[in-house]
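Working notes for the structure below.
Please read all numbers here as calculations on a predicted model, not as lab measurements. For reference, positions follow the sequence shown, starting with 1.
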Amino acid sequence: MMFLVLAEARDSIVGEAVLRLRADVAAAIKRVTESGKMKAGGILGGRRMAFMLLEVETADEILELLGGEIIDNMRTDVYPIISFEELGAFFAAHPWK
């Protein structure tokens, strides 16, 4: 299953807390990268925001990959990705009436 993860640093993280955020998030990104589950990722310019395209067997893996470093420090949105092929098959099986 493919998921898009958007993670944006919380507005309350300022000053010295930014240094801890950077270290924590760097550790999490290293863990995600080394897992081989990240197919693409990067930052969104102009925001304190990152994206990751993760391919996992179960949605529960996302929690393990992101860990507290991202989940606790960032507003995180997770979206399942449905391919155009899957969408086409769904439409064929469920025609509009």
Side-chain angles (χ1 to χ4, degrees):
M1 298 186 312
M2 193 83 69
F3 290 88
L4 172 65
V5 176
L6 298 174
E8 185 169 21
R10 298 189 186 282
D11 291 337
S12 59
I13 298 176
V14 296
E16 293 294 319
V18 172
L19 297 176
R20 194 187 98 235
L21 172 70
R22 288 179 181 176
D24 287 351
V25 171
I29 290 172
K30 181 178 183 208
R31 177 177 56 249
V32 173
T33 302
E34 290 177 350
S35 76
K37 305 276 183 176
M38 185 167 61
K39 301 307 171 193
I43 62 165
L44 302 177
R47 307 250 335 236
R48 294 169 69 192
M49 183 178 232
F51 80 94
M52 290 177 266
L53 188 59
L54 303 178
E55 188 169 5
V56 295
E57 295 296 319
T58 67
D60 294 345
E61 284 182 73
I62 295 169
L63 294 175
E64 292 296 324
L65 289 170
L66 300 181
E69 300 94 339
I70 291 178
I71 292 170
D72 290 342
N73 293 309
M74 305 183 88
R75 189 180 136 245
T76 307
D77 297 319
V78 179
Y79 300 96
I81 303 295
I82 300 167
S83 71
F84 289 126
E85 292 82 9
E86 292 170 309
L87 182 62
F90 175 83
F91 286 159
H94 302 87
W96 188 67
K97 298 175 185 175

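- With rounding to the nearest 0.5 Å, the separation of CD1 in Ile13 from CG in Leu19 is 12.0 Å.
- Residues Ile43 and Ile29 fall into different hydrophobic clusters, defined by Ile, Leu, Val, Met, Phe, Trp and Tyr side chains chained together at heavy-atom separations under 4.5 Å.
- Residues Val78 and Val5 come closest through the heavy atom pair CG2-CG2, 4.2 Å.
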**OP:** Please test Met38 against Leu53 for side chain to side chain contact (heavy atoms under 4.5 Å, CB included), starting from the C-alpha separation and ending with a verdict.
**Re:** CA-CA 6 Å; Met38 185 167 61; Leu53 188 59; 5.9 Å; no

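- Follow the hydrophobic side-chain contacts under 4.5 Å out from Leu44 and you reach Leu4 in the same cluster.
- Residues passing the side chain to side chain donor-acceptor pair (under 3.5 Å) test with Arg31 are Glu69, sequence neighbours excluded.
- Between Asp77 and Arg75 there is a salt bridge, since a side-chain N of the basic residue sits under 4.0 Å from a carboxylate O of the acidic one.
- Nearest heavy atoms, Pro80 versus Phe3: CA-CD2, 3.6 Å.
- Residue pairs that meet the salt bridge (Lys or Arg N to Asp or Glu O under 4.0 Å) test with at least one member in residues 43-54, sequence neighbours left out, are Glu8-Arg47.
- Contact check on Arg20 versus Glu16 returns no salt bridge, with no Lys/Arg side-chain nitrogen under 4.0 Å from an Asp/Glu carboxylate oxygen.
- Between the side chain of Thr76 and the main chain of Met74, a donor-acceptor pair closer than 3.5 Å is present.
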Original post:
Yes or no on side chain to side chain contact (heavy atoms under 4.5 Å, CB included) for Tyr79 and Leu6, after CA distance, side-chain angles and deciding distance?
Top reply: CA-CA 9 Å; Tyr79 300 96; Leu6 298 174; 3.9 Å; yes

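- Annotation: salt bridge (Lys or Arg N to Asp or Glu O under 4.0 Å) contacts involving residues 81-97, sequence neighbours excluded, are absent.
- The two residues Ala28 and Leu66 make their nearest non-hydrogen contact at CB-O, 3.8 Å.
- Atom CD of Glu61 is separated from atom OG of Ser35 by 8.5 Å, given to the nearest 0.5 angstrom.
- Under a hydrophobic clustering in which Ile, Leu, Val, Met, Phe, Trp and Tyr are joined whenever their side-chain heavy atoms come within less than 4.5 Å, directly or via other members, Leu54 and Ile82 fall into different clusters.
- Without hydrogens or angle criteria, Lys37 side chain to Glu34 main chain gives no donor-acceptor distance under 3.5 Å.
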Original post:
Checking side chain to side chain contact (heavy atoms under 4.5 Å, CB included) for the pair Thr33/Met52: CA distance, chi angles, key distance, verdict?
Top reply: CA-CA 10 Å; Thr33 302; Met52 290 177 266; over 6 Å; no

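- In this structure, Val56 is not a member of the same hydrophobic cluster as Ile81, with clusters built from ILVMFWY side-chain heavy atoms closer than 4.5 Å.
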Subject >> Derivation and outcome, side chain to side chain contact (heavy atoms under 4.5 Å, CB included), residues Met1 and Glu57 >> reply: CA-CA 6 Å; Met1 298 186 312; Glu57 295 296 319; over 6 Å; no

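- Note: the hydrophobic cluster containing Phe51 also contains Met49 (ILVMFWY, side chain heavy atoms under 4.5 Å, direct or indirect links).
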